[in-house]
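Below is one structure, written out as structure tokens; comments come after it.
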Amino acid sequence: MAEANDNAELREQRETSDFLAATDASGRIVDFHSLRHTYITRLVQSGASVKVAQELARHSTPTLTLGRYAHLGLHDTSAALNNLPSLTPPTPVPQAQQFRKTGTDDLPYQ
């Protein structure tokens with residue numbers, strides 16, 4: 001009989017606990033898909049290829065992985081723009097180096 005009382009007490013304790021509850025006592029909500037969005041977004045931010053992110057997410061298409069689950073923020077787009085290479089050469093190339101000969105001596109054919 002003591003075992004039945006223990007089970008009843010354990011059941012009541014589990015039913016009133018926040019453990020595995022969708023909403024805890026503070027009103028915070030657990031959402032499985034939010035975790036997936038965060039996980040996949042972090043994969044993309046880590047530099048993982050599209051194929052790797054798709055595989056780890058177990059998705060059938062990259063469109064699902066990137067279009068639905070990966071999210072960009074201002075920091076992500078700003079970092080990508082800052083990493084673009086410059087369109088201007090770092091220092092001007094001297095004229096003499098630009099027109100260097102490429103294998104002929106300008107000597108007559110012998």
Side-chain angles (χ1 to χ4, degrees):
M1 203 54 155
E3 187 177 306
N5 286 339
D6 287 344
N7 286 340
E9 287 176 24
L10 287 173
R11 173 183 261 172
E12 183 181 346
Q13 189 179 26
R14 281 192 301 259
E15 288 175 353
T16 59
S17 169
D18 282 347
F19 183 70
L20 294 180
T23 306
D24 68 6
S26 301
R28 295 177 297 188
I29 299 172
V30 176
D31 180 10
F32 172 74
H33 277 88
S34 291
L35 294 174
R36 284 187 62 78
H37 285 258
T38 301
Y39 170 64
I40 294 165
T41 297
R42 297 286 190 254
L43 276 174
V44 172
Q45 289 172 336
S46 77
S49 71
V50 173
K51 188 65 177 170
V52 168
Q54 176 191 349
E55 188 73 24
L56 290 172
R58 301 164 119 191
H59 288 156
S60 58
T61 65
T63 304
L64 178 61
T65 305
L66 298 181
R68 175 62 59 189
Y69 284 92
H71 303 284
L72 293 177
L74 183 59
H75 176 74
D76 301 308
T77 54
S78 171
L81 290 173
N82 287 336
N83 288 331
L84 285 174
S86 174
L87 294 176
T88 57
T91 57
V93 179
Q95 184 86 6
Q97 285 184 347
Q98 285 183 343
F99 300 110
R100 199 171 26 177
K101 294 180 184 176
T102 59
T104 61
D105 304 295
D106 288 338
L107 298 175
Y109 181 74
Q110 298 178 5

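Residues take their numbers from the sequence shown, with the count starting at 1.
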Could you tell me whether the side chain of Asn83 and the main chain of Ala80 form a donor-acceptor pair under 3.5 Å? no

Ignoring hydrogens and angles, write down the donor-acceptor pairs under 3.5 Å from the side chains of residues 56-64, residues two or more places apart or on other chains.
residue	atom	partner	partner atom	Å
His59	ND1	Thr65	OG1	2.8
His59	NE2	Arg36	NH2	2.9
Thr61	OG1	Leu64	N	3.2

Measure from the side-chain N and O atoms of Ser17 to the backbone N and O of Gln13, and report whether any donor-acceptor pair falls under 3.5 Å. no

Rounding to 0.5 Å, atoms CZ (Arg42) and NE2 (His71) come to a distance of 11.0 Å

Taken to the nearest 0.5 Å, the spacing of Gln45 CD from Leu43 CG works out to 9.5 Å

- prompt: Just by modelled atom types, is the Arg28 backbone N or O under 3.5 Å from a matching donor or acceptor in the Ser26 side chain?
  reply: no

Contacts of Ala79 meeting side-chain contact (heavy atoms from CB on, under 4.5 Å) (sequence neighbours excluded), chain-then-number -> none

| query | Do Thr41 and Val44 come within less than 4.5 Å of each other through their side chains, counting heavy atoms only? | reply | no

Residues at least two apart in sequence or cross-chain that pass side-chain contact (heavy atoms from CB on, under 4.5 Å) with Ser49, listed by chain then number, are Lys51, Val52

Output for pair (Leu81 CG, Asp76 CG), nearest 0.5 Å, gives 11.0 Å

